[in-house]
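To keep things clear, I will list the structure first and then write my remarks on it.
Start at 1 and go down the list; that is how both ligands and their atoms are numbered. Starting from 1, each residue takes its place in the sequence as its number. Note that the structure is predicted; figures quoted are calculated from it, not measured.
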Amino acid sequence: MAGTHTYNEIKSQPAVWGDALDVFRENAVSLKSFWQREPFDEVIFTGCGSTYYLSLVGARLFQSLVRIPARALPASEIVLYPDSVLLPHRKTLLVTISRSGTTTETVVAARIFRERTGSPVLSVGCYSESELMQAADFGLAIDSAREQSVAQTRSFSSMLVMVQLIAGYLGGHGDADSLAYLPEKCDLLLKQYGDAARQLGENDALQRFFFLGSDTLYGVACEAMLKLKEMSLSYSEAFHTLEFRHGPMSMVNQQTLMIGLISDAAYDHERTVIKQMQDRGARVLMLGNFPERFNDWATTVDVGIDVPVWGRPVLYLPVLQLMAYYRAIANGQDPDNPTHLDAVVSLDDLD
Ligand code: F1P
């Protein structure tokens, strides 16, 4: 049946997140000594598509927790514009994020980075025997997170669990035990909000989808946007939350679903943007922690405060993955095999 793999892969995330925690536990001490071997001036996170969006989360999380400059770039930017991306006389760590470990842009970006800087590469992925993982100076692979489906779900979220742990641990904020509740929380979210995800996904009156998120949640908003595109061929966009007022909100109509990934830190400002769009006719789904009830104007998903803030970005994804899955099925798509897409983009003209 269409989407069987995708559905099972989404539902298997609690177990796979547990594997990610275990892989981190096994490598934490050696990661710390790798990190402390030489002081870094900055960290660059890179990937393609979903894994570029994961890089956005990683860079912001790393900078806020470890307190050194960190930025995210699509791998193609490093390949095509190394002079404007890589600065001389800087000790830089490159973190490559890649489910397959074979995406040409990411492989070539790592090679160019090494050739130009001589600095190390840390690789996060789901294939420990892959080219990127084997060439890395330090690798963290969650092999059990591999998917049959093209669109990333459990691979993305388990790599994000890993990236959260890298940032939290190297920043001295905690370790795998600090996030030990993540698998159980994921299971609860999938069970508690499965019906809400299905109702919104199957609502064919909704035709425009805007995912709003800021800080570490912007990258998660981008990934949720891409899931809806890849799986259901729906028009969707992602914005930094307050940016939406600066033009894009002109697109809000009665067929619009606003999906607000609401942080604790900027709750009032972000909630206000979403309410303003609801006043302009949009339906609303908000994910976060809500000190008030919105039974009349918004569907809400409680992310909870059971794990530290730095471990929460990944919790915003499971319900949104399910919504994309249900919309794909309602649209007659097969999310296991999205239109035009392959699991890995391999290019033979990029050297
Ligand atoms: C990167 C990627 C995905 C995208 C699609 C094609 O793969 O671009 O982000 O969603 O699945 O491949 P990888 O480098 O993470 O294996």
Residue and atom name of the nearest protein heavy atom (relative to atom 10 (O) of ligand 1), distance in Å to one decimal: Glu230 OE2, 2.8 Å
Examine the side chains of Thr117 and Lys91 and answer whether a donor and an acceptor come within less than 3.5 Å of each other. no
Quiz question: by atom type and distance under 3.5 Å, do the side chains of Ser234 and Ser232 form a donor-acceptor pair? yes
Does any N or O atom in Arg99 lie less than 3.5 angstrom from one in ligand 1, N or O only? yes
Check: Glu270/Ser263 side-chain N/O donor and acceptor closer than 3.5 Å: yes
Going by the atom numbers of ligand 1, which of them fall below 4.0 Å from some non-hydrogen atom of Val150? 11 (O)
Check each of Pro74, Ser155, Ser50 against atom 9 (O) of ligand 1 and report the one with the nearest heavy atom. Ser50
Closer than 4.0 angstrom: is that true for some heavy atom of Thr102 and an atom of ligand 1? no
List ligand 1 atoms under 4.0 Å from Gly49, heavy atoms only on the residue side. 9 (O)
Please classify the Ala343 to ligand 1 contact at 4.0 Å (heavy-atom distances, strictly less than): side chain, backbone, both or neither. backbone
re atom 3 (C) of ligand 1, the protein heavy-atom contact at minimum distance is Gln152 NE2, 3.6 Å
Pairing donors with acceptors under 3.5 angstrom, does anything connect the side chains of Thr51 and Ser98? no
Mind running side chain to side chain donor-acceptor pair (under 3.5 Å) on Ser149 and Thr6 for me, showing each step along the way? CA-CA 6 Å; Ser149 300; Thr6 301; 3.0 Å; yes
Side chains of Ser155 and Glu147: is there a donor and an acceptor less than 3.5 Å apart? yes
Assess, by modelled atom type and distance only, whether the side chains of Gln321 and Thr153 contain a donor and an acceptor separated by less than 3.5 Å. no
So for Leu341 against ligand 1, with non-hydrogen atoms under 4.0 Å, the contacting part is neither
May I ask you to check whether Ser100 has an N/O atom sitting below 3.5 Å from an N/O atom of ligand 1? yes
Between Leu257 and Arg208, is any pair of side-chain heavy atoms under 4.5 Å apart? no
So for ligand 1, is Cys48 a polar contact partner (N or O within less than 3.5 Å, distance only)? yes
A student checking ligand 1 against Thr103 at a 4.0 Å heavy-atom cut-off should list atoms 1 (C), 7 (O), 13 (P), 14 (O), 16 (O)
